[in-house]
Asks: 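Structure provided below as structure tokens; questions to follow.
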Amino acid sequence: MNVVQSVDSVALLPAYLAAGTAVLVLITDLLVARPRATIAVAALGALGTAVGSALVGAGAERRTFCVGADCSWIFGGRAALVAVVVALITVGVLGLSVPALRAGRSPVGEYAFLLACSMTGGVVLGAAGDLITLIVALETLTLPLYVLVGLRRGSLASAEAAVTFFVVSVVATTLTLLGAALLYAVTGGLHLDRLGALLAEQPELRDLPLTTAAVAVLLVGLAFKVAAVPFHAWAPATYDGAPLPVAAYLSTASKLGGLVALLAVVQRALPADQTGPVLALLAVLTMTVGNLVALRQRRTVRLLAWSSVAQAGYILAPLGALALAAGRTDEARSAAYAAAMAYAVFFVVLELAAFAGVTALRPAGADGGTLDDLRGAARRHPWRAAAFGLALVGLAGLPPGLAGLFAKVTVVRALLDGGAAWLALVVALNAVIGLAYYLRVTAALWAPTPLAAPNVGGAAAVPVVGVVGVVLAVVTVATVVLGVAPQLVLDLAGR
């Protein structure tokens, strides 16, 4: 018997490009030692990864590293969507980081290398076909962020945020690995599709206390990664202590990675009747607590962090429909999975636009400041404030932020189709609560500036029009395009 497997290098091309980018960044920094060259290589490599992922994903689904019908690498439309989004977020975050890197707040080579390594984990994550590949990819996405959060020189808040993030992530990883080990003990399988088939074909396995414990522990471990309540307390402190571009990456690429991992195990491996009630409870708690606490925030990044917690609840909501028999039909489940994935994509684009807006309105290398620091910003920088306001309106789900509006409509429609009208009502009520703080921040941008207020964000204090302005403009255009053609994302999310 031939034990040597053929490897589909075309299917692996996105991973090659992402990992190659990290290696090239390291070599460029060592040999050329020019910050501009290092950043250019990282940005071009990330763009190449996005293009390569789109080209591979445009064709038929490709599989490799297979044992029979079970494969560890499955690259299809959804994997391509995740890889493209993660790579483009990396480009955007690099652009937002340029002013701080020029000011010497962080070492350029290490910063770009770690960001490229994290991108590699995100690219691999979407194509993972077994629990080992999934967890390794998720940790590859997360591990560089421990350092990036604390990489800002001379910042105690940054160091504290890094320690907090590290400790919580270690606990989350331990729980995730324990859940995977328990599932292997019960079923003898690690491939996601194999696990799902075994648990479906052998109902007696689902009734075992060990199976229930495995499902619960695995879900809790992944819930930490998405900052779902009550496993969320690390997120606001970490986001606020991290440099603004790193906080943007945490809130977008890192959260997308956690959601992709959670969606993969829920959709393909775990019993829907066991995961549905847990996810419904997590969704209600996450969106409600996130929105209520966000109402009281005065610091900009903390408000966006709590907003991100609430948005995770909206993303989990369609999966909560699995708690009901009507939500576990094939059609309803497909709609729920597609809605969750599509909402995640819309959210990360709008969230990146929001962080780009804050970065553009703040001094180079500064933190997010308070909401009072943004007061009257539209009078000094109308276009930047308008882009920031559009992102906030989109996150609130109001026109002209059509991407956010379509995302919420998609979630509600999936819940109604799955018979979870009560959960759709909770989503609608929380969306109304969210309007209060999104519109408050938006209104503050055009409010009169108090005479005693410092000139934070004024013309002399914000020398970041260049690259940051370009990133803000590009992401704003992307939000408009997604709002005009949202069905494209939904179709890719459903593949």
Side-chain angles (χ1 to χ4, degrees), residues 7-22 24-25 40-64 71 73-95 115-129 133 137 140-141 249 252-253 256-257 259-261 263-264 337-338 340-353 403 406-407 470-471 473-495:
V7 176
D8 187 349
S9 293
V10 175
L12 293 168
L13 179 62
Y16 293 157
L17 291 171
T21 298
L24 284 176
V25 166
V41 168
L44 290 175
L47 286 173
T49 301
V51 173
S53 300
L55 291 176
V56 176
E61 182 180 85
R62 307 184 75 100
R63 295 170 173 249
T64 191
C71 299
W73 182 271
I74 306 171
F75 201 89
R78 183 181 296 178
L81 177 63
V82 173
V84 169
V85 171
V86 170
L88 293 180
I89 287 173
T90 303
V91 177
V93 170
L94 277 170
L115 204 58
C117 289
S118 183
M119 176 186 69
T120 303
V123 169
V124 173
L125 187 59
T133 305
T140 304
L141 171 64
Y249 194 84
T252 53
L256 178 63
L259 291 165
V260 168
L263 183 60
Y337 300 141
M341 188 66 217
Y343 194 105
V345 173
F346 289 127
F347 159 70
V348 298
V349 175
L350 289 165
E351 186 81 348
L352 182 61
F406 179 83
V470 172
V471 172
V474 171
V475 179
T476 302
V477 171
T479 63
V480 174
V481 171
L482 288 180
V484 174
Q487 191 62 39
L488 176 63
V489 175
L490 189 59
D491 290 342
L492 288 173
R495 289 177 58 184

Asks: Calculate, to the nearest 0.5 Å, the distance between atoms OH and OG1 belonging to Y16 and T21 respectively.
Replies: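 Here the interatomic distance stands at 14.5 Å.
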Asks: Looking at OG1 of T120 and CG of L125, how far apart are the two atoms once the value is rounded to the nearest 0.5 Å?
Replies: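 Spacing of OG1 (T120) from CG (L125) equals 12.0 Å.
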Asks: Would you sort out whether T49 and V84 count as a side-chain contact (heavy atoms from CB on, under 4.5 Å), showing the intermediate values?
Replies: CA-CA 7 Å; T49 301; V84 169; over 6 Å; no
Asks: Calculate, to the nearest 0.5 Å, the distance between atoms OG1 and CG belonging to T252 and L88 respectively.
Replies: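 Output value for this atom pair is 11.5 Å.
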Asks: Donor-acceptor pair, S118 side chain versus L141 backbone, under 3.5 Å?
Replies: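 Pair found, side chain donor or acceptor close to backbone of L141.
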Asks: Evaluate the side-chain contact (heavy atoms from CB on, under 4.5 Å) criterion for residues M341 and F346: first the C-alpha distance (whole Å), next the side-chain angles of each, then the deciding distance (0.1 Å), finally the verdict.
Replies: CA-CA 9 Å; M341 188 66 217; F346 289 127; over 6 Å; no
Asks: Distance check, rounded to the nearest 0.5 Å: Y337 atom OH versus R78 atom CZ?
Replies: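 These two atoms lie 9.0 Å from each other.
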Asks: Assess whether side-chain contact (heavy atoms from CB on, under 4.5 Å) is satisfied between V474 and V470, documenting all intermediate values.
Replies: CA-CA 6 Å; V474 171; V470 172; 4.3 Å; yes
Asks: Using a 3.5 Å distance criterion without hydrogens, assess whether the side chain of T64 forms a donor-acceptor pair with backbone atoms of D8.
Replies: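 Confirmed, T64 side chain pairs with D8 backbone.
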Asks: For L115 and L94, run side-chain contact (heavy atoms from CB on, under 4.5 Å): C-alpha distance rounded to whole Å, both residues' side-chain angles, the deciding distance at 0.1 Å, then the answer.
Replies: CA-CA 8 Å; L115 204 58; L94 277 170; 3.7 Å; yes
Asks: Look up atom CD1 in I89 and atom CG in L352, then write down how far apart they are to the nearest 0.5 Å.
Replies: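 Between I89 CD1 and L352 CG, I get 6.0 Å after rounding to 0.5 Å.
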Asks: Would you say T90's side chain and V86's backbone share a donor-acceptor pair under 3.5 angstrom?
Replies: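 It does hold such a pair.
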Asks: State whether the side chain of W73 and the backbone N or O of A11 hold a donor-acceptor pair below 3.5 Å, judged by distance alone.
Replies: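 Side chain of W73 to backbone of A11: a pair is present.
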Asks: Mind checking the SG-CZ spacing from C71 to R62? Nearest 0.5 Å is all I need.
Replies: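 Going from SG on C71 over to CZ on R62, the span is 12.5 Å.
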